[in-house]
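This report refers to the structure that appears directly beneath it.
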Amino acid sequence: MKLVRRILARNRLRTARRALSTEPSPATYAALAKEYAQLGMMREVRQVCEEGLVAFPRNAQLVSLGERARHLEREARMVELKRALSDAPRPALWMEMCEILLDSGLLARAEETATRWCETAGSVDSRLMLARVRLERFLADRGRDQGLRVLETLDAVLGEAPGDMRAWRLRMQFMTQIGAWREARRCAAQLLQLAPGDPVLEARFRTLDTLADEAPSVEKALLEVERTGELADERKGEHRAENLGSVRPLLRSLASEPDVHSALYVRGSTVLVQGPRGATAERMARAVKSILTASRASGRRLGLGQIGQIQLDGDFGTLTIAPGEMDAGALWTKGPLDPAREASLLGLAGMTGSRPEASA
């Protein structure tokens, strides 16, 4: 009977593939995804949903099926990792478990796992992961005590490895998010000593330098976040207007060039797009965000730190993405990127301030 059911399932899968090939639609994508789900092939379910969402953005059924498949994939992998950590723990397994828990939003379990890793290994990587998890918990609850735990953990990392750029970048991110611009500038200066001439860091330092004069102390910045429940980039004010006033004209100027297909600015879940419109702009924004997310995740898992630049070349032209700590810029051009446009792109990646309004 099992063999018969397997044969029938394969036949239904073949039929669903043909239906999708003949008439692509949200319904045929969903039907194929469900057939894969019946066979327990969750990676294929996720891939079909992602492909469908490129063609039919924001389709509720495909979003739901894709999220469910990702959840089941993560759950299955966590079971495997838990068993492996019990039998023969090693850093790569601890790191992957913490990453999955972070991606799943299970912050308390992620902190518990990172703490156990620290107690077991006491390595720089384990303490750095604990700092990352505690930063995510701080961003979730905005409490002063949680923020102090982030600083305590980062101080421990830098005390053991004062030249670790990952720790300095994480500290700069934390200081930027709470609005302690003077301390963030100090972190940027330290990073420039470790990586002199880095154009992204130089752009970040210049931006932070303009904000540092009237910046509050770290303690006051943490108290303000706890009081208002808002991070520095969520507060309305002059920095928000300044950032919007500088991003939009630069995007329009870049997109107006005859050999530029589109220019994008990415911050969190928000993307400003100049060039294409409507569904094309949405697909472009989704694709760039997907590449950024995957690249940053790969960089973390491989211990590469911050990705400096991503470039894709082909018959379509050249897509260049410059990921910053909090912002990113992207340009789709007909040919290779010239130095002047590369400098503009790095400037976009070094923007700080508030979250831009959505646009397409």
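One-based numbering along the sequence shown.
Grouping the Ile, Leu, Val, Met, Phe, Trp and Tyr side chains by contacts below 4.5 angstrom, directly or via other members, places I310 with F316. Cluster annotation: L154 and L231 are assigned to the same hydrophobic cluster (Ile/Leu/Val/Met/Phe/Trp/Tyr, side-chain heavy-atom contacts under 4.5 Å, transitive). Hydrophobic clustering, with ILVMFWY side chains joined whenever heavy atoms are under 4.5 angstrom apart, keeps L312 apart from V54. The hydrophobic cluster containing V218 also contains L170, counting ILVMFWY residues as joined when their side-chain heavy atoms lie under 4.5 angstrom apart, directly or transitively.
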Begin from the C-alpha positions of E282 and V273 and carry the test side-chain contact (heavy atoms from CB on, under 4.5 Å) through to its verdict. CA-CA 9 Å; E282 288 189 5; V273 183; over 6 Å; no
Please test R134 against E111 for salt bridge (Lys or Arg N to Asp or Glu O under 4.0 Å), starting from the C-alpha separation and ending with a verdict. CA-CA 7 Å; R134 286 179 169 171; E111 184 170 3; 2.9 Å; yes
Set out, in order, the CA-CA distance, both residues' side-chain angles and the distance that settles side-chain contact (heavy atoms from CB on, under 4.5 Å) for M95 and W117, then state yes or no. CA-CA 9 Å; M95 179 75 73; W117 183 15; 3.8 Å; yes
Let's go through E99 and R77 carefully: what are the C-alpha distance in whole Å and the side-chain angles of both, what is the deciding distance for salt bridge (Lys or Arg N to Asp or Glu O under 4.0 Å) to 0.1 Å, and is it a yes or a no? CA-CA 11 Å; E99 292 283 3; R77 183 56 182 159; over 6 Å; no
Using side-chain contact (heavy atoms from CB on, under 4.5 Å), reason through L264 and L272 one step at a time and then give a plain yes or no. CA-CA 6 Å; L264 300 90; L272 293 179; over 6 Å; no
List the steps and the verdict of side-chain contact (heavy atoms from CB on, under 4.5 Å) for R169 and R166. CA-CA 5 Å; R169 287 184 186 277; R166 298 169 301 171; 5.8 Å; no
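When all heavy atoms are compared, the tightest approach of F205 to L192 is CB-CD1, 3.9 Å. Contact record, E35 with A16: CG-CB, 4.0 Å, taken as the closest heavy-atom pair. Of all the heavy atoms in A108 and R137, the pair that sits closest is CA-NH1, 4.0 Å.
T113 places a side-chain N or O within 3.5 Å of a backbone atom of R109 that can act as its donor or acceptor partner. Although no hydrogens or angles enter the test, the distance criterion places a donor-acceptor pair under 3.5 Å between the side chain of T228 and the main chain of E224. Judged by distance alone, with hydrogens and angles left aside, the side-chain atoms of T28 form a donor-acceptor pair with the main-chain N or O of E23 at under 3.5 Å.
A search for side-chain contact (heavy atoms from CB on, under 4.5 Å) contacts involving T320 returns Q309, Q311, T318, L337, L345, not counting sequence neighbours. Evaluation of the side-chain contact (heavy atoms from CB on, under 4.5 Å) rule for R144 yields L148, E219, L222, L223, E226 as partners, not counting sequence neighbours. Evaluation of the side-chain contact (heavy atoms from CB on, under 4.5 Å) rule for E112 yields R116 as partners, not counting sequence neighbours. Under the rule for a side chain to side chain donor-acceptor pair (under 3.5 Å), the partners of S104 that lie at least two apart in sequence or sit in another chain are R74.
Of the residues L211, T207, L208, the one that meets the side chain to side chain contact (heavy atoms under 4.5 Å, CB included) test with T176 is L208. Applying side chain to side chain contact (heavy atoms under 4.5 Å, CB included) to L331 and the options L319, I321, L254 leaves one that passes, L254.
The existence of a salt bridge linking R186 and E183 is confirmed by a sub-4.0 Å separation between a basic side-chain nitrogen and an acidic carboxylate oxygen.
Sorted by first and then second residue, the ring pair (Phe, Tyr, Trp, His ring centres under 6.0 Å) pairs with a member in residues 130-174 read F138-F174; sequence neighbours excluded.
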Review item, side-chain donor-acceptor pairs of residues 81-91, under 3.5 Å, at least two apart:
none

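Between the side chains of R46 and Y36, no donor-acceptor pair of N or O atoms lies under 3.5 Å.
Heavy atoms of other residues, nucleotides or ligands lying less than 6.0 angstrom from CZ of R68 number 12 at most.
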